Amino acid sequence: AIDPETGDVLAYVSRPGFDPNLFVDGIDTQSWNELNTSLDRPLMNRALSGTYPPGSTFKPYMALAALELGKRRPDWGFGDPGFFTLGGHRFNDDKKGGHGFINMYSSIVVSCDTYYYQLGNEMGIDAIHDFMKPFGFGQLTGIDLEHEKIGILPSQEWKRERFKKNRAAQKWVGGDTISISIGNGFNSFTPLQMAHAVANLANNGVVMKPHLVKIIEDGGTHARTLTVAKASGRIPLKQENIDVIKRAMVGVTSDQSGTGYIAFRNAGYTVGGKTGTAQVVGLRGGKYNASATPERLRDNALFTAFAPADRPRIAIAV
């Protein structure tokens, strides 16, 4: 959780964790082995070093890219059939039969995949990459902690480098872009990057570097220095386009059809949010059934948000 105006980290959690008291007097061999061999990987700092596909939390940025690049107008819409076909392959929406008439607002509120399959196919992967990079996706945030992972913001160049020993796998294909467009595929970001990106959006494109340290004290003189928040950049965005996306994200939590409505219907403040789901493993036929799937193989659930919507003081990714 980050304050968008200052970059201050307000909350920072990685679960499952471990008892730090085990290390005070030197950890015993048995406890050390248990921590290192646990399938839950409690020693991994997930907020900083865990990388995950963002799922549909990626869609507001895709919609903003469409506005900025002139690929869509907010009122443009179509009748969603519930699938998109490319090269003989059918990419399905999560709702069989589709969501009815969909425009930009409703594509975010109900999280319509088909809207973004079409959009991503028109934009192309390199345009997506170039637009997302300034938000901090696949980039080091520069937070005052060690071992931050960079993640993956894919592009044609990235794929050529990633598979340089396998020429057949180097070529970027249309299906790759389709998956990227809804936050899946090669996309892989840290929760810190996701929180930083939504803070940049909430802050109308002004980029503040995330940091935990607020005061530095000299051990000898005890003189205190307050770390001053300074903008590290500004993403050139049109305010009217940002406002379109923010309104839709508020609709996610306030519109009765919104994917986050139930969680926030009694909240005493206005929230802009986006839900997301990302596959951990591919399905080989059949329909996904969470209760019949081992816990570590179940879909990841994600949520990003900022509040209060009119003047955000907190931006989160969980």
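Count residues from 1 along the sequence. Quick caveat, the model's predicted, so the values are computed rather than measured. Just so you know, these numbers use all the heavy atoms, side chains as well, and skip hydrogens, waters and symmetry mates.
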Enquirer: For the residue pair Met208 and Glu5, establish whether any side-chain heavy-atom pair is separated by less than 4.5 Å.
Expert: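 No, side chains not in contact.
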Enquirer: For Tyr61, which of Phe131, Phe135, Phe189 qualifies under ring-ring contact (aromatic ring centres under 6.0 Å, His included)?
Expert: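 Among the candidates, only Phe135 passes.
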Enquirer: Would you check if the side chain of Thr275 reaches a backbone N or O of Gly260 as a donor-acceptor pair within less than 3.5 Å?
Expert: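 Checked: no pair found.
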Enquirer: Do Met62 and Tyr115 have side chains that get closer than 4.5 Å, going by heavy atoms?
Expert: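 Counting from C-beta outward, Met62 and Tyr115 never come under 4.5 Å.
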Enquirer: Kindly state whether the ring of Phe58 and the ring of Phe137 have centres lying under 6.0 angstrom apart.
Expert: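 Yes: the rings meet the under 6.0 Å criterion.
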Enquirer: With a 4.5 Å cut-off on side-chain heavy atoms, are Asn187 and Pro54 touching?
Expert: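 The answer is yes; the side chains approach within 4.5 Å.
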Enquirer: Are any of the side-chain heavy atoms of Gln156 and Arg160 separated by less than 4.5 Å?
Expert: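 Touching, per the 4.5 Å side-chain cut-off.
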Enquirer: Considering only heavy atoms from C-beta outward, does the side chain of Thr114 approach that of Phe78 to under 4.5 Å?
Expert: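 Sidechains of Phe78 and Thr114: in contact.
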Enquirer: With a 4.5 Å limit on heavy-atom distance, are the side chains of Lys171 and Lys159 in contact?
Expert: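 Contact flag for Lys171/Lys159 side chains = no.
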Enquirer: Counting N and O atoms only, with roles assigned by atom type, does the side chain of Ser106 sit under 3.5 Å from a partner on the main chain of Asn103, one being a donor and the other an acceptor?
Expert: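 Checked: pair present.
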Enquirer: Using a strict 4.0 Å threshold on nitrogen-to-oxygen distance, state whether Lys95 and Asp93 make a salt bridge.
Expert: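 Looking at Lys95 and Asp93, the cut-off is not met.
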Enquirer: Kindly say whether the aromatic ring centers of Phe264 and Phe303 come within a distance under 6.0 Å.
Expert: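 Centroid separation for Phe264 and Phe303: below 6.0 Å.
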